[in-house]
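So you know, we letter chains A, B, ... as the sequences are listed, proteins then strands, and number each from 1.
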Amino acid sequence: MATAIRGFIDRYNGSGKTGAFNWFFQRISGVILLVLIVGHFYIEHFYAPGTIPTYNVVAGRLASLGWKLFDLTFVIFALWHGINGIFEFIDDYVHSNGWRLFLRALFWFVGILYLVLALLTILPFSVPQGGING
Amino acid sequence: MAYYRPPAKYRWHAGFVAWLLHRITGLLLILYLFLHEWLISSLQSKSSFDSAMAVVSSPLFKLLEIGLWAVVIYHAVNGIRVVFVNFFHAAERSNYNINVWVFWIIAAILFVIGAIPMAKGLFY
Amino acid sequence: MADIPLKIHEADVVIVGSGGAGLSAAVQTGLAHLKTVVISEVFPTRSHTVSAQGGINAALANMDEDYWIWHMYDTVKGSDYVGDQDAIEYYTKNAPSTIYMLEHWGMPFSRTKEGRIYQRAFGGQTRNFGETLAHRSCAVADRSGHSLLHTLFERTLRSDIAPYVSYFSEYYALDMIRDDSGHVIGVVSWNMVDGGINIFFGKAVIFATGGNTRNYRTNTNAHINTGDGWSIAMRAGIPIEDPEYVQFHPTGIYTVGNLITEGVRGEGGYLLNSEGERFMKKYAPHVLDLASRDVVSRGMAQEIREGKGVGSKKDHMLLKLDHLGHDFIMDKLPGIWELAYKFTGIDCTKDPIPVEPTAHYHMGGIPTNRFAQVVIPDGDNPEKPVPGFYAAGECACVSLHGSNRLGCNSLLDLVVTGTQAGRQASKWILENDIELPTPPVEYLADKTAGGTIKKIQNLFDSEGSVRMDEILEKLRDSMSTNMGVFRTEDSIKRQLDVLADLRKKYKKVGIQDKGLSFNLDLIETLELGSLLDISLIGTAAALNRTESRGAHYRDDYPERNDKEWLEHTLTFLNNDKVDIKYKPVRMKPLTAPTFQPKKRVY
Amino acid sequence: MSLAVGDKIIFKIQRFSSDADKKEHYEDYEVEYRKDGMMILDGLNQIRWEQDGTLSYRRSCREGVCGSDGMNINGINMVSCMTHISDLKSSVITIRPLPGFPIVKDLVCDMTDFFNKYYVVKPYLIEKTPPPGEERLQSIEDRNKLNGIYECILCACCSSSCPSYWADPDYLGPSALINAARFVLDSRDEGKDERLDILNDKHGVWRCHTIMNCIPACPKELNPTKAIAELQQTIVSRKY
Ligand SMILES: Cc1cc2nc3c(=O)[nH]c(=O)nc-3n(C[C@H](O)[C@H](O)[C@H](O)COP(=O)(O)OP(=O)(O)OC[C@H]3O[C@@H](n4cnc5c(N)ncnc54)[C@H](O)[C@@H]3O)c2cc1C
Ligand code: HEM
Ligand code: SF4
Ligand code: F3S
Ligand code: FES
């Protein structure tokens, strides 16, 4: 019995991947996201009900560095938080080490891809094409 | 000897439901984020952007947006409750169940506050 | 019915029972680096030690001045002078270091303002040889047994012991194995989970199978407390000492038996009869409801006999404590409030709790000396050790408790005698070069366990018409009526007849469950057999003892008779016949002067 | 629904035997309500002794301190010996073994995994400095930190109610974690770091999603969720 338990204990020792940071950051980023997401909704949906967010409106807003940073922070936090959440799923429901590794790698890749995509999308908005009123 | 493990069943209660919804809404949100970002990034020209925006400004999409707001506000408020449980002992035996309901009510109120301007948008 | 699987294990020490006593022994054999196997009917922390509430006695003097000799005096007096005084001295002297040891192992004692172990007052515990009340019972709120058992189990999980101690939980001991020279070399058991006979060979065997008062209608004991240890020992030719002394706790909850601690009366609760009279003033004019357990139980039973019982059957008493006030009860006795509320629906801050004298504890047991070696009479020697056999805890009789145990002395008994058993067995194994028999497994199994296997096989094969519950119900009712607080020659003889009849019926008992996996039917049927055995020897011994001493009260012989009866009973069971022998009480302590028998007044 | 002595209630019990069966099935038994305050365990005993001897379950102390008889009664985990039939307020009572464990027979589960996880958290006092000749001192306040934690009876009602525990076979579960807290919060313990290192694992404290099924499941009225939060805070504040 003792050896069986020893093997069992080893499963909890020395993995190096404790999950503490992810857990903690999930909470921190959640609270930060609360501010960001309410801001995002306010600006996109409540601020001027009925107006259609045309390219110009958005681009106009994004012309300022502040808004650019706002949207970037939002995307980065949301991505991090959301993908972290998916990792939680994986740890809960996927039990083979191979699959766990594969899915983690996959979502790291997806995460980085979308980060790049976000940068490429938000940064070009800074130069309004054809002027604000065009 | 062959033991047997049937799938687990358990009676629902507020905390259980709250967690399940949190999971589902979290998943919906990240999937929406992927979709949203992919869509916007593919609309790099003004004309395509504006025509897409016209589509998503139709009443149907406005309704879906209100749904999105519900998902967001539920996830956000429940997330704050989780933080309260983790760091401020918001799960005493005497109040753990009530707290879930309190946060649900807060979520409902916030949802309505946000949904009103959004609903107004439906009629423009 | 499929074939019964058979498995053989070997170890240095085999411990049967994982209550406080068994675990204390396992710690010691583990420390001696001996391969130890603990087999138990239940997972260790489910043993009945977990139910103890009050505390564990030791003269720590944390609350007021106290010495072990005062503790010794109280124990001897409580035993009604049939306790063996050498053992009692060893035990009370070692009590403080035992408590410190438990504290070091992590037992979460309640604390005093100074940060020391909290001690409370309990019945029969006095200072200065009976002068004033002593605070001697070291307590963990009202969960002392739970904490004790968990602490001991935790101790065996530490890395210095864990590799040496293996637990075989849910293995039910069926019989023990003695070789031709009488040396005890193993235990035959039944794997309750998957089914099958498992034989555990060991150089020494320690029995710690706990209490056995399940043979009474209302009792404070767990479902598993069925006297298997006694029954197994008797089948191997070992006698049981003093089985006639059964302690009745005055305040078990009416009809269910769950214990309401003595502490309720300590805090000012008292007993009432149907006329609303505080009747204990008749039976113990000085201390009233706080007299020792045998005295209070007797008082209650006497009232019931006189028709002053409460309820439609006039068969119980009321424990009144509402006058203490709601806040006080919720502060000092919350556990009691919950038990009473759960089991009777009564809110004891408003109404009294219905209670009755309830079978609680067997003072007797497998005879041992103070080294926890099992001793049997041999020619002129009344106490010859059985090689390789040790016993500890409630199933053993050292005898520390004589004919009446004091509250909170039992938990101490478990740890002290359990530790002794573990140490002595280790010493014996390490000092002697013991060879386990090594003939072919089949032969060995057949030779030693053949009879047991056949017995089980028969139960599986039989189409027995009698169901175990009929016999059990009858047994519990008749024992309560005939062998209760009061006994007479008539009632005892009546009980012997009932038992003879029940034992005959039991031979025709059948089981409905013929499966191997977790066959509770089989286990309960086997347990019933043990209950019948222990009931029989207790009854037979009670018939012989024509005096009243401690928990054994004969209406026809109401006085204690030191001239003829200052001795221990030894009962042997041969098939359905009980042979009774006697052995002297060890009156001489190790260093203290002898406490001579005196009239016991409270 | 209120019950009177003499009424009949139906116990709908999930049956399974690893000897013979491949799948579970349910059997109905009629139980007589014999006295006020009758517990589920009394009903089970009635069935075993008077109707069907093949029914198996664990039980020992019959007063809620040994932890043998955790089972799922009308969808909620409880110990049968402390559950009043009348409190359930239903005429059909469904009884199943603890969810999430392999079933050996009827209401008896294989608890090996549960106890292994308990052993993993080093559930014992770790001492580094030799103790004094007497007891170690501990203030009343320090001792009171253990209240609401040390009373655990290892009944598994909490772990077996936890969806995380069902999902992740490596999750330590609320019971093992509250027993870890028992020592982490003990002022006498000197092994906090090594114990917290074990708990600080993806399948340790971080796998609790504050689902809180474990709170109402605990028959001793303990609060595993709170104990886990305490551990999480301790680890986080130790690290960050
Ligand atoms: C309700 C109650 C309250 C009490 N309160 C106090 C108190 O406050 N203070 C005090 O000092 N004393 C108290 N006592 C007495 C004391 O608790 C018991 O005497 C003591 O716990 C017995 O311990 P044990 O180790 O000998 O046996 P137990 O703890 O009963 O353990 C017996 C062990 O033997 C095993 N076993 C039995 N038969 C078999 C078998 N056939 N095969 C395999 N294993 C078997 C069981 O599984 C179990 O592990 C109380 C007793 C009761 C019932
Ligand atoms: C708005 C404020 C938000 C807050 C306060 C918040 C809070 C939280 C918290 C505390 C958790 C951890 C739950 C747990 O471990 O049990 C969590 C999980 C999660 N969140 Fe958020 N979140 C927010 C926004 C978002 C957004 C925008 C997304 C999507 C991009 C998202 C996706 C997820 C996902 C997928 C999970 C995992 C769900 C689970 O493990 O059950 N969250 N959130
Ligand atoms: S915490 Fe409660 S439910 Fe969980 S094992 Fe302990 S006593 Fe049982
Ligand atoms: S139910 Fe499970 S997820 Fe946490 S709060 Fe309780 S352990
Ligand atoms: S039988 Fe012990 S907890 Fe129910």
Assess whether a salt bridge exists between [X] and [Y], defined as any Lys/Arg side-chain N lying under 4.0 Å from an Asp/Glu carboxylate O.
{"X": "D:Asp186", "Y": "D:Lys192", "answer": "no"}
{"X": "D:Asp189", "Y": "D:Arg195", "answer": "yes"}
{"X": "D:Arg59", "Y": "D:Asp69", "answer": "no"}
{"X": "D:Asp193", "Y": "D:Arg238", "answer": "yes"}
{"X": "D:Glu24", "Y": "D:Arg15", "answer": "no"}

Between [options], which has the largest tally of heavy atom pairs under 4.5 Å with chain B?
{"options": "D:Gln232, D:Lys23, D:Glu221", "value": "D:Glu221"}
{"options": "D:Pro163, D:Pro97, D:Cys109", "value": "D:Pro163"}
{"options": "D:Leu222, D:Ile215, D:Leu98, D:Asp110", "value": "D:Ile215"}
{"options": "D:Asn74, D:Ile228, D:Thr225, D:Asp21", "value": "D:Asn74"}

Contact between B:Phe111 and B:Ile116 at the side-chain level, heavy atoms closer than 4.5 Å - yes or no?
no
Heavy-atom proximity to chain B below 4.5 Å, by part of D:Phe16
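Only the side chain of D:Phe16 comes within 4.5 Å of chain B.
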What part of D:Cys218 is in contact with chain B, defined as an atom under 4.5 angstrom from a non-hydrogen atom: side chain, backbone, both or neither?
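Looking at D:Cys218, backbone and side chain both touch chain B.
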Do you know which of D:Ile95, D:Asp106, D:Asn72, D:Ile103 makes side chain to side chain contact (heavy atoms under 4.5 Å, CB included) with D:Gln14?
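The single option meeting the side chain to side chain contact (heavy atoms under 4.5 Å, CB included) with D:Gln14 is D:Ile103.
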How many angstroms lie between CD1 in D:Ile93 and OH in D:Tyr29, if you round to the nearest 0.5 Å?
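Reported value, rounded in 0.5 Å steps: 15.0 Å.
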To the nearest 0.5 Å, what is the distance between CZ on B:Phe84 and CZ on B:Phe103?
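The CZ atom of B:Phe84 sits 5.0 Å away from the CZ atom of B:Phe103.
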Identify whether NZ of Lys or CZ of Arg in D:Lys117 sits under 6.0 Å from the centre of the six-membered ring of D:Tyr165 and within 45° of that ring's axis.
yes
Heavy-atom distance under 4.5 Å to chain D: side chain of B:Ala18, backbone, both or neither?
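When you check distances to chain D, no heavy atom of B:Ala18 falls under 4.5 Å.
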Under 3.5 Å, is there a donor-acceptor pair between the [X] and [Y] side chains?
{"X": "D:Asn200", "Y": "D:Trp206", "result": "yes"}
{"X": "D:Arg182", "Y": "D:Asn179", "result": "no"}
{"X": "D:Ser17", "Y": "D:Lys105", "result": "no"}

May I ask you to list the residues in residues 140-160 of chain D that approach chain B closer than 4.5 angstrom, counting heavy atoms only, ordered by number?
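Heavy-atom contacts from residues 140-160 of chain D to chain B are absent.
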If the contact rule is any heavy atom under 4.5 Å from chain D, which residues of residues 5-17 of chain B qualify, in numerical order?
B:Arg5, B:Pro6, B:Ala8, B:Lys9, B:Tyr10, B:Arg11, B:His13, B:Gly15, B:Phe16
